[in-house]
Every structure is written in C-alpha cells, then in structure tokens.
Number of protein chains: 2
Amino acid sequence: MNTGQKRKTERRQKEQLARRRAILAAAREVFFAKGFMDATIDDIADRCSLAKGTIYLYFRSKEDLYTSIMAEGMERLRREFEVLKNLPPGEPGLVESAFRAYIGFYRKNRKYFRIMFLSSQPDVRARTPQEVLLRCMETGMECMGIVRDLVQEGIERAYYRKVDSWAVANILWASINGIIMAYENDPIYRDEFAGMEMEKMLLHSLDLVLEGLKVKK
Amino acid sequence: MNTGQKRKTERRQKEQLARRRAILAAAREVFFAKGFMDATIDDIADRCSLAKGTIYLYFRSKEDLYTSIMAEGMERLRREFEVLKNLPPGEPGLVESAFRAYIGFYRKNRKYFRIMFLSSQPDVRARTPQEVLLRCMETGMECMGIVRDLVQEGIERAYYRKVDSWAVANILWASINGIIMAYENDPIYRDEFAGMEMEKMLLHSLDLVLEGLKVKK
DNA sequence: TCATTAAAATGACTACGAGTCATTAAATGA
DNA sequence: TCATTTAATGACTCGTAGTCATTTTAATGA
C-alpha cells in the first residue's frame, strides 16, 4: 500500500509548488518595483516571509528568478495570442489583428517588457539555467507560429504578396520590440525626441508593414 | 606673463584628456571581453595601470564608463552616416543606402551593440550622468535626421508615398535594432529559431519597408 | 504517545566588488 | 630649497549574492 505514501508525496509536491509560486509572486513585485539591479534577494525573501537560503532551494540564482518572471510574461502573451487562432473565418485584417493583440498585451503588461529586454541580455542569460531559457524560447516560438499562420492565410487569400511568412512574423515581432524598447528607455524625453507618442509610432509602423504586404493593384 | 601658466594649464588638460582616453580604451577592452556584469573596475584599472581610485577621478561610476563607450559607438555611427549626406544626386535607393550603411556599421562594430542595448536599460541609465545620456541622444538624433532627410528626398522625388519621414526614420532604426537584438540574444540558437541568418532577415525587412514606401503603380 | 529519521528552512557567514577617503607623491612656483 | 596645490593611491567600508552547518518541522511507525 504505497498509495498513502504516494498521496503524501503528492501533497508535498503541491506545497513545494505553492512555495515556488509564492516566491515568484514576491519576486515579481520586487522586480517590478525596483528593477533587476536594485532588487535584492533579501527584499524578495522578506516579501514572502522566507529566509534567503530558502529562496535558493527553489531557484538557482537571482537571474533564474528574473528570467522565470520573463517566462511568466511569455506565457501570458501566448494566452493572449490564443484568440488569434480562432479569428472569424473571412476576417480581413489578419496581420493587423496580431499587431493590435501585441499592442494590447503591451498595454496590460508594460512591466514585463523591461524584464524581457534585460533578461535577454547575454550577461543575464549566462547565469540563467538553460531550461528556463528554453521554455521562454519555445513559448516565443509558439506565439510567432500563430503570427506566421495569419500571414500565410493572408497570402493564400491573396490579401498579401507572396512573402516568407515566418520571416515576416519575426520582423513584425522585432519591429514592435524595437519601438517599445526605444520608448521604454527614456519615457520622459522620448516623446519629444520622436515627436509622437509610442502608440502612434506603432500604428505608423503597422501601416508601413501592411502597405509592404499588400498585393499591388 | 601668465602665458607660461596658461601653457602649463593647457598641458595639464591635455594630459588629463589623454588619461581619460587611456581609461576609456581599457574599459572598452574589458567590457568587450567580459560584458558589463562580469567586468570589474579593478580589471579596468589594472589594464591601464592605474589605481582604482584614479578611475573615479575621471568617471563617476561603472555605468558612466559603460555608457561613455556607448557614446563612442554612437559617434562612430554618425561618422559612418556622414557619407549619406553626400549621396550622388539622383541616386535612387535612398532608404536602401541608409539601411545598408547601418548594416555595414553593425558588421564592423558588433561589440558596441551589446553595450548599446544594455546601457539603454533603465537600471544602467539611472546610474549614468545626465550629460552622457544627453550626448548619446543628441548623436542618435543627428543620425536619425540624416535618415529622415533621405526619406524626405525620396518623397519629393516621388519614389516614396507621402509618409511621415521622421516616423519612418524612427521605425527603420527600431526595426533593425529589434532584429539585431533578437539575434544577439542567442546567436547560437537563433539561426535555427528564425530559420535564417541575421543578414538575410535584415534584407527581408528592408524589402518589406521599401515595398511599404513605394508609390503604387 | 513518543522516538527516529528524513526533509525543509534558517540565517550567520564568506567572498567579492563598487565606491570612498585619508594618506602619499608629484608638480609648480617663490 | 621649501610651501602649496593637484593628482594618484590602495586600504578600507559597505552592501549583497550565494553557501552551508545547524535547527526546525513533519512524517513514520512502534
């Protein structure tokens, strides 16, 4: 009768998972409030009422924690992108929908973006366990796949030119990130520098890409 | 006769400037080799045979040093962009020239890009003197101005649609950075992920933008 | 109920690096 | 030569990431 034993083990695992989540929640709050460099492990430990050593039973390094928050962000994005899979058939603005979904995600999850940009820096990656990085990459790839499918559909319906849909998905992704990064860098002076606010710039960019995709009349 | 005095003072200033440059050279080597987080001020001090304290007579923080290297990179970029001001009149591929100039700059100055991306992170910026950040921004603005002028010229010659040339310059810049950032993040797996190497992706992006800019036939 | 053992949590401790500042050395000038 | 200003030094402080011997808690079973 190891059923009893097994059940105990399961409970343990659940407790561990709950602990892990509590730590992540604390880390999220601290990193959101202070950024990576100014946050300390003690801050995070205090926030979830654990000792510093305990944190290291659940995560390998400060970077592991940080990148795990990024992974969380990617997961949220994927969930947000799920709706794109079930667009009403015949829907015309395929790429536009994806673009706007990403903007919408940004609006609701601003704080994750700083983390995404910093945690993809080689310095941070070098101290992050492979598995976490892999998880992020895979989630990102799924999101990108959804966008690629939309582009492909647009091509098949002859809305768009015959372009490399995977490349276009990557370019869309990179362009938006590039713009967001530029604005996030210096939110105070950037409007003045660029002469318009971010959303408007993003929509300009959308317009440019759509024009580039459209079949010529 | 304070001519003597003055000359002495001038010599002093020159020596200080030389010292400053020596420190910057050492910092560049160390940061290029180790990245921001793994580099230490002692590394840099050793490299230019000075004591740690001396570094702090010339720079306010590790971040000041780091961002000063970024400023150096921006300066190089601007010099690279100067040629764009004197394109042969009647030259058709205006935006293409700018795009390729930026790619060329990237090829020759890969190492500066990591620094640019990290030193524009809020964490780093917060510890960098305003003046250095301002210098970077101004240099960037000059570069962007050159691109805007090219776009504007293209519009006036009716190569391109009537778009907001400043916005397009910003979008071009952001898109290329976004792509480079994506690849720099994980140069090993990225080719596999994206299915093509960076240069090809950049050229795809150029194609897309040019199509988006062209006047419809 | 209590002893035994295994697992989890703890926080004092180590190692290390950024930044400081009292001290020393060099340059200048009378 | 000596006085004074300026530059350079490196031992020091302080803060934090990560460790590990010790303690606490929980599970097991007699």
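Chain A is the first sequence line, chain B the second, and so forth, proteins listed ahead of strands; every chain is numbered from 1.
Residue B:Glu63 contributes atom CD, which lies 15 Å from atom P of C:dG17 at whole-angstrom precision. One atom, CZ of B:Arg127, and another, C1' of C:dG19, lie 11 Å apart when rounded to the nearest Å. Atom CD1 of A:Ile55 is separated from atom P of D:dT16 by 15 Å (rounded to the nearest Å). Rounding to whole angstrom units, CZ of residue B:Arg20 and P of D:dA7 are separated by 15 Å. Atom-to-atom, OH of A:Tyr66 to C1' of D:dA17 comes out at 17 Å; the value is rounded to the nearest Å. As a whole-Å value, the separation of A:Tyr56 OH from C:dC13 P is 19 Å. B:Asp38 has its CG atom 15 Å from the P atom of D:dA17, to the nearest Å. Residue A:Gln13 contributes atom CD, which lies 16 Å from atom C1' of D:dA26 at whole-angstrom precision.
Across all strands, B:Arg19 comes closer than 4.0 Å only to sugar-phosphate atoms, never to a base (heavy-atom distances). Using a 4.0 Å heavy-atom distance criterion, B:Lys52 is classed as a base contact. Counting any heavy atom pair closer than 4.0 Å across all strands shown, B:Phe59 reaches no nucleic acid atom. Heavy atoms of B:Thr40 sit under 4.0 angstrom from primed sugar atoms or phosphate atoms, though from no base atom. Within 4.0 Å (heavy atoms only), B:Leu57 reaches at least one base atom of the nucleic acid. B:Ala45 comes within 4.0 angstrom of no nucleic acid atom, judged by non-hydrogen atoms across all strands.
When the salt bridge (Lys or Arg N to Asp or Glu O under 4.0 Å) test is applied to B:Arg47, the partners found at least two apart in sequence or on another chain are B:Glu29.
If you look at B:Tyr112 and B:Phe32, their ring centroids are closer than 6.0 Å.
The only option from B:Lys108, B:Arg107, B:Lys85, B:Arg100 that meets the salt bridge (charged side-chain N to carboxylate O under 4.0 Å, His left out) definition with B:Glu80 turns out to be B:Lys108.
Judged purely by distance below 3.5 Å, without hydrogens or angles, the side chains of B:Tyr106 and B:Arg110 pair a donor atom with an acceptor atom. A side-chain donor-acceptor contact under 3.5 Å links A:Asn177 and A:Tyr102.
Below 30°, between 30° and 60°, or above 60°: for B:Phe113 and B:Phe105 the angle between ring planes is between 30° and 60°, a tilted geometry.
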Self-check item: Nucleotide-level pairing of DNA chain D, given in dot-bracket where Watson-Crick and G-U pairs need both distances under 3.5 Å and | marks other strands
Solution: ||||||||||||||||||||||||||||||

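The backbone N or O of A:Leu203 sits nowhere less than 3.5 Å from a side-chain atom of A:Asp207 that would complete a donor-acceptor pair.
Looking at which nucleotide of DNA chain D each of A:Ala39 and B:Gln16 is closest to, the 5′-most match is held by B:Gln16.
For C:dA9, one of the phosphate oxygens OP1 or OP2 lies less than 4.0 angstrom from a side-chain nitrogen or oxygen of A:Tyr58.
For B:Ile41, the side-chain atoms get nearest to C:dA18 when compared with the rest of D:dG18, C:dA18, D:dA8.
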